[in-house]
Novice: 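Here it is, the structure, as structure tokens.
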Amino acid sequence: MEILDVKRSFWSDAAKKGGILGVVLVIVMLLDWTFKLQMKAGWIVTLANFAAIAICVYKFGKQRSEKYGGNGYSYGQSMSYILAMMLFTGFISGVGSFIMQNYLAADYYKEVFDAALLSSGIDIDSDAMQQGINLSWSLMRNPIFMVLSGIFSMEIYGGFLGLFASVFLKRRPDLFTDGND
């Protein structure tokens, strides 16, 4: 593939791979709801999310770097691709979170929220705490907030993992190629 075609496919590749990762994260949310994992062992959900993101970031980043052939693939190119991919992942997972928390599994997420409040040891009866709880619930019902929250969290999470993955994804250019690989 010519290098110009690879550069032109940046956003379409990032959208496709980010969409795939977003769907994987929504599947993890569905599994969490189905098996009530957050209530039994929340670490399983955290581990599943981490594994899905880490594996996909590395696998998709590797596929992208191989498209550059002997022209090399820099650390910056890797990070920009991962961050672009995370933009689409965050959008899909934000939409998925909104649907799960407001329509599909609203009761389950209310139960998880209440359990987290009780285990925190915070005085729930205070007026300030009630205002905070009401604000949290109103934000969770706002689709724009949920999508932006998904994008922001995936950019941070994926970007952090990308810092490490890019070390292994970068490649020096092959000096013996004609530059058309």
Novice: Quick one: closest heavy-atom pair of Val57 and Gly162, and the distance?
Specialist: CG1-CA, 4.5 Å
Novice: Does any pair with a residue in residues 126-163 pass ring-ring contact (aromatic ring centres under 6.0 Å, His included), and if so which ones, sequence neighbours excluded?
Specialist: Phe113-Trp137, Phe160-Phe164
Novice: Just jot down the ring pair (Phe, Tyr, Trp, His ring centres under 6.0 Å) partners of Phe98, sequence neighbours excluded, or say none.
Specialist: Tyr103
Novice: Could you go through the side-chain contact (heavy atoms from CB on, under 4.5 Å) check for Phe60 and Ile82 one step at a time?
Specialist: CA-CA 9 Å; Phe60 297 153; Ile82 290 169; over 6 Å; no
Novice: Is there a donor-acceptor contact under 3.5 Å from the side chain of Ser74 to the main chain of Gln77?
Specialist: yes
Novice: Look only at the side chain of Arg141 and the backbone of Asn102, and say whether a donor-acceptor pair between them is shorter than 3.5 Å.
Specialist: no
Novice: Tell me the closest heavy-atom pair linking Met39 and Ala115, and the distance in Å.
Specialist: CE-CB, 3.9 Å
Novice: Could you work out, with side-chain contact (heavy atoms from CB on, under 4.5 Å) as the rule, every residue matching Phe168, not counting sequence neighbours?
Specialist: Tyr58
Novice: If Ile, Leu, Val, Met, Phe, Trp and Tyr residues are connected whenever their side-chain heavy atoms lie under 4.5 Å apart, and connections chain through other members, are Val26 and Ile55 in the same group?
Specialist: no
Novice: Going by side-chain contact (heavy atoms from CB on, under 4.5 Å), name the residues that satisfy it together with Lys16, two or more places apart in sequence or in a different chain.
Specialist: none
Novice: Is it the case that more than 12 heavy atoms not belonging to Asn134 sit under 6.0 Å from its CG atom?
Specialist: yes
Novice: If you group Ile, Leu, Val, Met, Phe, Trp and Tyr whenever their side-chain heavy atoms sit less than 4.5 Å apart, what else falls in with Leu148?
Specialist: Ile144
Novice: Could you list the residues that satisfy salt bridge (Lys or Arg N to Asp or Glu O under 4.0 Å) with Lys7, not counting sequence neighbours?
Specialist: none
Novice: Could you check if a side-chain atom of Met154 sits within less than 4.5 angstrom of a side-chain atom of Leu21, using non-hydrogen atoms only?
Specialist: no
Novice: Strictly by salt bridge (charged side-chain N to carboxylate O under 4.0 Å, His left out), give each pair with a member in residues 46-66 just once, sequence neighbours left out.
Specialist: Asp13-Arg64
Novice: If you measure from CD1 on Ile20 to CD1 on Ile92, what distance do you get to the nearest 0.5 Å?
Specialist: 11.0 Å
Novice: With rounding to the nearest 0.5 Å, note down the distance linking SG in Cys56 to CD in Gln63.
Specialist: 9.5 Å
Novice: Can you find a heavy atom in the side chain of Tyr75 that is under 4.5 Å from one in the side chain of Leu169?
Specialist: no
Novice: Quick one, Val147 and Val95 - any side-chain contact, counting heavy atoms below 4.5 Å?
Specialist: yes
Novice: Could you tell me which residues satisfy side chain to side chain donor-acceptor pair (under 3.5 Å) with Ser153, sequence neighbours excluded, listed by chain and number?
Specialist: none
Novice: Determine the minimum heavy-atom distance between Gly158 and Ile53, stating which atoms define it.
Specialist: CA-CG2, 4.4 Å
Novice: Suppose the criterion is side chain to side chain donor-acceptor pair (under 3.5 Å): which pairs have a residue in residues 28-52, not counting sequence neighbours?
Specialist: Asp32-Tyr108
Novice: In terms of hydrophobic clustering (I, L, V, M, F, W, Y; side-chain heavy atoms under 4.5 Å; direct or indirect links), are Leu37 and Leu47 co-clustered?
Specialist: yes
Novice: Provide the full list of side chain to side chain donor-acceptor pair (under 3.5 Å) pairs with a residue in residues 20-30, sequence neighbours left out, each pair given once.
Specialist: none
Novice: How close do Tyr73 and Ser65 get, counting heavy atoms only, and between which atoms?
Specialist: CD2-CB, 3.2 Å
Novice: Roughly how far, to the nearest 0.5 Å, is CG of Asn71 from CZ of Arg172?
Specialist: 15.5 Å
Novice: For Glu155, give me all partners under side-chain contact (heavy atoms from CB on, under 4.5 Å), at least two apart in sequence or on another chain.
Specialist: Leu83, Met86, Leu87, Ile151
Novice: Do Lys67 and Asp5 come close enough that some side-chain heavy atom pair is under 4.5 Å?
Specialist: no
Novice: In the single-linkage hydrophobic clustering (I, L, V, M, F, W, Y; side-chain heavy atoms under 4.5 Å), do Leu31 and Ile44 co-cluster?
Specialist: yes
Novice: Determine which pairs satisfy side chain to side chain donor-acceptor pair (under 3.5 Å) with at least one residue from residues 78-97, sequence neighbours left out, and list them in order.
Specialist: Ser78-Ser166
Novice: Quick one: pull up CE in Met146 and CE in Met100 and give me the separation to the nearest 0.5 Å.
Specialist: 11.0 Å
Novice: Side-chain heavy atoms nearer than 4.5 Å, only ILVMFWY residues, links allowed to pass through others: does that put Ile156 and Leu25 together?
Specialist: no
